[in-house]
Visitor: 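Okay, handing you the structure first.
Quick note on labels: first sequence line is chain A, next is B, and so on, each numbered from 1.
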Protein chains: 2
Amino acid sequence: MKRFEKTSITIKDIAKKAGVAHSTVSLVMNDREHVSPKLREKILKIANEMGYMPNMVARSLISKKSSTVGVVFPENPHFFTITYFLMIIEGIQNACKKYNRALMFFSLDQTKGESYYQISRKWLIDLMIIMNVDYTRDISKDIQDLRDNGIYFSFLTKYLGKEKVNSVCVDNFEGVRIALEYLASQGHKRVGFIAGNPNSADGPERSQAYKALSRKFGFDQDDELTVQGDFTFESGEREMPKLLTLKKRPTAIFAASDYMAIGAMRVIKEQGLYIPKDMAVMGFDNTLEAAYVEPALTTIRQPLQEMGEKAVDLAIRSMNDENFEPQTLALKPELMKRRSC
Amino acid sequence: MKRFEKTSITIKDIAKKAGVAHSTVSLVMNDREHVSPKLREKILKIANEMGYMPNMVARSLISKKSSTVGVVFPENPHFFTITYFLMIIEGIQNACKKYNRALMFFSLDQTKGESYYQISRKWLIDLMIIMNVDYTRDISKDIQDLRDNGIYFSFLTKYLGKEKVNSVCVDNFEGVRIALEYLASQGHKRVGFIAGNPNSADGPERSQAYKALSRKFGFDQDDELTVQGDFTFESGEREMPKLLTLKKRPTAIFAASDYMAIGAMRVIKEQGLYIPKDMAVMGFDNTLEAAYVEPALTTIRQPLQEMGEKAVDLAIRSMNDENFEPQTLALKPELMKRRSC
DNA sequence: TGGTTTTCTCGAAACGTTTCATGGTATTTT
DNA sequence: AAAATACCATGAAACGTTTCGAGAAAACCA
């Protein structure tokens, strides 16, 4: 039993009512030339009266463009509650509104062998924002596929392969520099470092920056001052005790993410130590939570909304301009002084 | 200059290679009967080799179904950083994966006169989750439009009109009851109440529950103990001073949202008062931030992920079962004891 | 005025699917 | 062995657009 016979207004309905060919209506709807002003106006009026709304799907089919931005993020059941991602997505959403595009979300189960290109093809996505790739797998073939098929895309964050692609990230080196400089200015010489996910783009970069700069600022160089986390709260909690039980304890902790810093803070407080008096803590990201923990976390702000917005901007520019050179945008981080240092 | 001539594998390419009609390939791809096993297998093999992936857009066009869930949320520049919404969205995303649907986001600018139905029609959305409607405008016509055109939908949270529709919400009355019972058990008799947005579904419900129950628990009944917020942090900050400057100060504050509670806490701490010793604070929602503030906020947990998931479930059931009666699901809240009480 | 150019409108084809009536082949029944 | 039935595969039509070549009408020019 069909319940809903009522069908929507199409271009043909308008054509019939106006007594013209439906192709003419199409021209009017797309604001193309070669239609006399009089007829154009008449058609517009009728379309308005009938409440016409173009069917984007039919449009997509023929143009092979979807007016859609697809955000592809790694399979992670809690993706949406990581406020780091959220702030980026907010930026993306703003950009979508600016360009009058719909926003689609896909989580990519790399294990199932689904590729970025397949997603774009399946849904006719023409702009893709690729988030936080896990570099355990080589994705240069994925990129080639997107390229070959005219899909425009940007990476968030930095793309690690050697192809030239659009990507937006924070200037990690500068971020680490600001952080260490601040710690040094407070008289710290022995700084523990909780490193981030080694399979991400940001993790290794921050680690390298730390290694290079901690020497420059004259910090102690013991290897045991660095522990390996993966950006999560849990890893901060897990690794912090290793730093606390060192014979010679650090006076400050620098974590490569706020979540790890917050996890570490929890351990430190549990040990009865006071932050920042007994041990200073510094994070990286400036996620929402950083402002709420006690004491509020001093951290390096990434301009996350801006990053999301710029990622879309870049992809759009690539699309509109044949000769636009894909580029990597490294935005400036900023010190957020709060009470944990 | 066309750069990308390469075109994707279609059902026809497969048909040609297999030497059959493309309609036969279609049958195979959709797992329909009436194709001999031998041929089916042959076609599947070829499709696999060629890396076929169905074009959902063409599919949508003909079936008028999009395999898409559209989430429509109110125009709000910071929608995505409100973790309350996020946790719901996480649930929606989980459900989408379960049902193998893509997730689309739309912010509805009610002022521009865009309607829910227009969005669904434009993008051929067939399942819609309508979030946090602002009831300053009557939307019963919108609902009728959706109905008339066979669009299935759920409200989040409760729908206030008289039509029978799918909606998912938390049992506000029970939540308020649990909260006040707990406050009463701690000996509080004078409780300040910061009410939520009066144009939402939850705001008035919680206010009414408060009014009814605070009497039952024997709390003071001064009108001045209730102030009017709108769920935001800022409104909590704004309204709290009115309660602090009362001749007879309340011993506890109950806010209709965590954000307002956190805003209130800030004001209280600034006045040099200690929480919970000088004044207890209780929130509602259990957003992410509640666990991070100092002292951690005692609050009423809404099962937000579950709510998102159930909203999709309901819409799907309506779609699959002609006779399914639209229903309102009121999920049970839960007391999160933390340190602010 | 007659021819040429420009402007406007139209009809047909295409996009990649699904659906459905039709007919052909294989299998069963009598 | 012929008739009836089941099973397969097909080709055409449809979904709502855009595009494009062609014809008709209008405008221009000499």
Visitor: For the side chain of A:His22, starting at C-beta, report the closest nucleotide among D:dT17, C:dT18, C:dT9.
Guide: D:dT17

Visitor: Between D:dG11, D:dA9, C:dT17, which nucleotide gets closest to the side-chain atoms of B:Thr24?
Guide: D:dA9

Visitor: For the side chain of A:Ala21, counting heavy atoms from C-beta on, which of D:dG16, C:dT9, C:dG11 is nearest?
Guide: C:dG11

Visitor: Looking only at side-chain atoms of B:Ser23, point me to the closest of C:dT19, C:dG16, D:dG16.
Guide: C:dT19

Visitor: Apply the side-chain hydrogen bond (donor to acceptor under 3.5 Å, both in side chains) test between A:Tyr117 and each candidate in A:Asp148, A:Asn149, A:Asp142; give the one that qualifies.
Guide: A:Asn149

Visitor: Would you indicate what A:Arg32 reaches in the nucleic acid, counting non-hydrogen atoms under 4.0 angstrom: base, sugar-phosphate, or nothing?
Guide: sugar-phosphate

Visitor: Touch check for A:Arg40, heavy atoms < 4.0 angstrom, all strands: base, sugar-phosphate only, or nothing?
Guide: nothing

Visitor: Identify whether any heavy atom of B:Ser63 sits under 4.0 Å from a base atom; if not, whether one sits that close to sugar-phosphate; answer base, sugar-phosphate or nothing.
Guide: nothing

Visitor: Measure from the side-chain heavy atoms of B:Val35 and tell me the nearest of D:dA9, C:dC8, D:dC15.
Guide: D:dA9

Visitor: Check the phosphate of C:dT18 against B:Asn30, side-chain N and O only, distance under 4.0 Å to OP1 or OP2. Yes or no?
Guide: yes

Visitor: Pick base, sugar-phosphate or nothing for A:Val20, based on heavy-atom distances below 4.0 Å to the nucleic acid.
Guide: sugar-phosphate

Visitor: Which of these nucleotides, C:dT17, D:dT19, D:dA9, is closest to any side-chain atom of A:Leu27?
Guide: D:dT19

Visitor: If you check every side-chain atom of A:Ser26, which of D:dT19, C:dT18, C:dT17 has the closest atom?
Guide: D:dT19

Visitor: When you measure from the side chain of B:Lys64, which nucleotide among D:dG16, C:dC15, C:dT9 comes out closest?
Guide: D:dG16

Visitor: Can you tell which of A:Asp13, A:Leu44, A:Ile14, A:Asn30 makes a side chain to side chain contact (heavy atoms under 4.5 Å, CB included) with A:Val25?
Guide: A:Ile14

Visitor: Testing A:Lys64, A:Lys65, A:Arg101 for salt bridge (Lys or Arg N to Asp or Glu O under 4.0 Å) with A:Asp126, which one passes?
Guide: A:Arg101

Visitor: Using whole Å, report how far CZ of B:Arg59 lies from C1' of C:dT17.
Guide: 8 Å

Visitor: Between B:Phe153 and B:Phe155, what is the ring plane arrangement, given parallel below 30°, perpendicular above 60°, and tilted in between?
Guide: perpendicular

